[in-house]
2 protein chains.
Amino acid sequence: MSESNEASARAAGPLATRTSGTVRVVGSGLLGASIGHALTARGVDVVLVDASPSQLRLAIDYGAGRAERPDDTPSLIVVAVPPDVTADVVQRELALYPDAVVTDVASVKLEPLRTLRERGVDLRHYIGSHPMAGRERGGAISARADIFVGRPWVVCRDGETSAHDLSLVEGLALDLGATLIEMTPEEHDESVALMSHVPQLVASLLAGRFVEAPDGSLRLAGQGVRDTTRIAASAPELWVQILGANAAPVVEVLDRLAADLAGVADALRDPDVPGARRAVADTIRRGNEGVERLPGKHGQNRRFDTFVVMVDDTSGQLGRLFGELGDLDVNVEDLRLEHSPGAPFGLAEISVVPDAVRRAVDGLQQRGWRIASTTHD
Amino acid sequence: MSESNEASARAAGPLATRTSGTVRVVGSGLLGASIGHALTARGVDVVLVDASPSQLRLAIDYGAGRAERPDDTPSLIVVAVPPDVTADVVQRELALYPDAVVTDVASVKLEPLRTLRERGVDLRHYIGSHPMAGRERGGAISARADIFVGRPWVVCRDGETSAHDLSLVEGLALDLGATLIEMTPEEHDESVALMSHVPQLVASLLAGRFVEAPDGSLRLAGQGVRDTTRIAASAPELWVQILGANAAPVVEVLDRLAADLAGVADALRDPDVPGARRAVADTIRRGNEGVERLPGKHGQNRRFDTFVVMVDDTSGQLGRLFGELGDLDVNVEDLRLEHSPGAPFGLAEISVVPDAVRRAVDGLQQRGWRIASTTHD
């Protein structure tokens, strides 16, 4: 189905969907309720289940699905519960509905699978998956049908997985607008250790160093340290479970990071040792190389030029700015709004394709905007 | 002078300024040329000097100041050269112009001072300073008069500093729109180690771990890891100098961080040891506490609610969005634009005061915007 057909189906009523029959969603937190909303919007019959009656009531009231009935015969079951009870719930659901396909959305994939295998559970109809979506804080009240759109959704099939079962789980991910990525559970867990779990710990450890810092030091904080530690605001409860369930891959990355850190600390401690200065330069250079490998906007490593516009801190100013950029036929690729402590205006850092930067800056200046700075990489 | 007087002075011609006479700026890179632009715009006579004739020519052509003349008698000299030649240049300038006040803008303060003291240089007219502004990449071509506006500017006076000399340096910082912070060189260097130099190294070390990661792992990168490693893109040359010149305070923070990191790695390695789970939770919790201490927008620790709007990837859409937020009388406190790989639209994460979130979300939905998610802290 093409994009435009999709759009007209959307406008006409219930959406054409790969998912059919009844989908049973176990767990009505942010992920479970969001899946419920998205499927309900597509006309799919969604049964919601939750250990907490009040949480369940809330999710149902918000339109994420209906309560279960004794005669329900789900074709697909989505287990959306915290990591440390995922294996138990998957086992129970497989036993309750032996004809259904069961998937889960936990952010670790190997530990639940290992537990299920150790217990001798028949796993022919189980396929682990992990949508890279959601927020650490949430619950049913924060659920939205669109949180999966454009996000990677990892599916961990194995040799026993039938094409039919796989199509149900992949169809779910595609219906929710996600991008499919197939990985083994080992690949998944190592990937999220490096791309999510260790960055979380690094941000937390760095921010933890600020607890005892003098107030004066904190006043020097700029955008760099703020970005580096932003995710340190995540909630502890969930992260203790995630990190505990993915301990081995996380520890492996942490140990390598600790060795790298010790290396650069030693080089700085004793700058007269041959190669010390070079070791420091190599640390920064490897960082350049690594960050370049992160997929950028549109999944490409496109580079943009940026400029900074001073924006009065009143409502409507950003509207005027972006309206005028539209008039100049400049598409904003990325932006970041920063307020200087104590200043009555903000700095809007705007990224555009290199071809557009001159047109944008000149055009805005002609219209009276103050450009604080430009950079060309 | 009140804000409105300042604005009318700005409109009428050369700005009223605390800085008078001739200011000699040594080094016409990003910081030096930006200072030149800002002072020239205020009607101050700026002499530019640079070891590179072509760099100097460029800065002068761009309007950052004029070439020196034999009869120049600067009252204030600003040394804006790389950290490893700062002491040499300060010494030379103090000798050349014994009646002038000399300041520098290097991002480390103790090492140049120590070097000057060891050489027995008369430092009565030297005051080290450090504007927390600029970009790691630059040169005269990126210079802008406004890069200091609203940024902290650290001034390191000592017991010998006369009120007159101090007023010249502080007047410069204030004329450039910066916020003054007084610190000892030791306080400054420890503060920037924690708030700037170690975050840089941490981002570089983490991003360095991506160099050998499989392509598949990189596809799972989300906004969290991108923020955590953004500054890893900084240029190595300058950072080798900065880190080398501030090695002792940086190593002290790195060693503590290494101990914290080893602690959490050990807790994850052996989760059955009593207190292991709690050690992991404490790491995340201390991170929460630390990041809360960073000064937020307007210098306060205000908390905002956020919501995410799906925005078509065409020019004019952001203009429409912010125009309509203005119509709804909603002031955008912060925003972040993210594009999902492969998706034909972006996600605009918008922060507003808690009171405004319902009005903004409802109003936008009524106008046909798709809200992807909301969070309330």
Side-chain angles (χ1 to χ4, degrees), chain A residues 144 146-147 150 191 195 199 202-208 210-211 217 220-221 224-225 227-233 236 239-240 247 251 254 260-261 265 268-269 280-281 283-287 289-291 293-294 297 299 315-316 318-319 322-323 326 331 335 337 339-343 372-373, chain B residues 144 146-147 150 191 195 199 202-208 210-211 217 220-221 224-225 227-233 236 239-240 247 251 254 258 260 265 268-269 280-281 283-287 289-291 293-294 297 299 315-316 318-319 322-323 326 331 335 337 339-343 372-373:
Chain A
R144 297 282 156 178
D146 290 330
I147 67 168
S191 297
M195 287 290 139
V202 162
S204 296
L205 288 165
L206 180 59
F210 307 155
V211 171
S217 297
L220 300 193
V225 68
D227 281 352
T228 312
T229 56
R230 184 181 60 84
I231 54 172
W239 274 102
V240 171
V251 166
L254 285 183
D260 296 346
L261 198 158
L268 287 169
R269 207 183 318 269
V280 177
T283 299
I284 307 289
R285 227 174 262 124
R286 274 180 66 88
E289 203 183 326
V291 81
R293 292 196 66 205
L294 292 181
K297 194 193 155 182
S315 53
L318 279 173
F322 289 102
N331 194 16
L335 72 88
L337 191 68
H339 282 263
S340 314
S373 60
Chain B
R144 298 280 156 180
D146 289 330
I147 67 169
S191 297
M195 287 290 140
V202 162
S204 296
L205 289 165
L206 180 59
F210 306 155
V211 172
S217 297
L220 301 193
V225 68
D227 281 352
T228 313
T229 57
R230 184 181 62 83
I231 54 172
W239 275 103
V240 171
V251 166
L254 284 182
D260 295 346
L268 288 169
R269 208 183 317 269
V280 177
T283 299
I284 308 288
R285 226 173 266 123
R286 273 180 67 87
E289 202 182 326
V291 80
R293 292 197 66 203
L294 292 180
K297 194 193 155 182
S315 53
L318 280 173
F322 289 101
N331 194 17
L335 72 88
L337 191 68
H339 281 262
S340 314
S373 61

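Quick note on labels: first sequence line is chain A, next is B, and so on, each numbered from 1.
A:Pro236 and B:Ala281 make their closest contact through CB-O, 4.2 Å (heavy atoms, listed as atom of the first residue, atom of the second, distance). Heavy atoms only, all atoms of each residue included: A:Arg293 and B:Val211 are closest at NH1-O, 2.9 Å. For A:Leu261 against B:Ala258, the heavy-atom pair with the smallest separation is CD2-CB, 3.9 Å. Taking both residues in full, the closest heavy atoms of B:Ile284 and A:Ser204 are given as CD1-OG, 3.7 Å, listed atom of the first, atom of the second, then distance.
Note: A:Leu268 leads A:Leu268, A:Ile231, A:Val202 in heavy-atom pairs under 4.5 Å with chain B. The greatest number of non-hydrogen atom pairs below 4.5 Å with chain B, out of A:Ala203, A:Ala265, A:Ala232, A:Ser191, is found for A:Ala232.
Here CE of B:Met195 is found 8.0 Å from CG of A:Leu206. Values are rounded to the nearest 0.5 Å. Atom CG in B:Leu294 sits 5.0 Å away from atom OG1 in A:Thr229 (nearest 0.5 Å).
For the salt bridge (Lys or Arg N to Asp or Glu O under 4.0 Å) test, residues two or more places apart in sequence or in another chain that qualify with B:Asp227 are A:Arg230, A:Arg336, B:Arg336.
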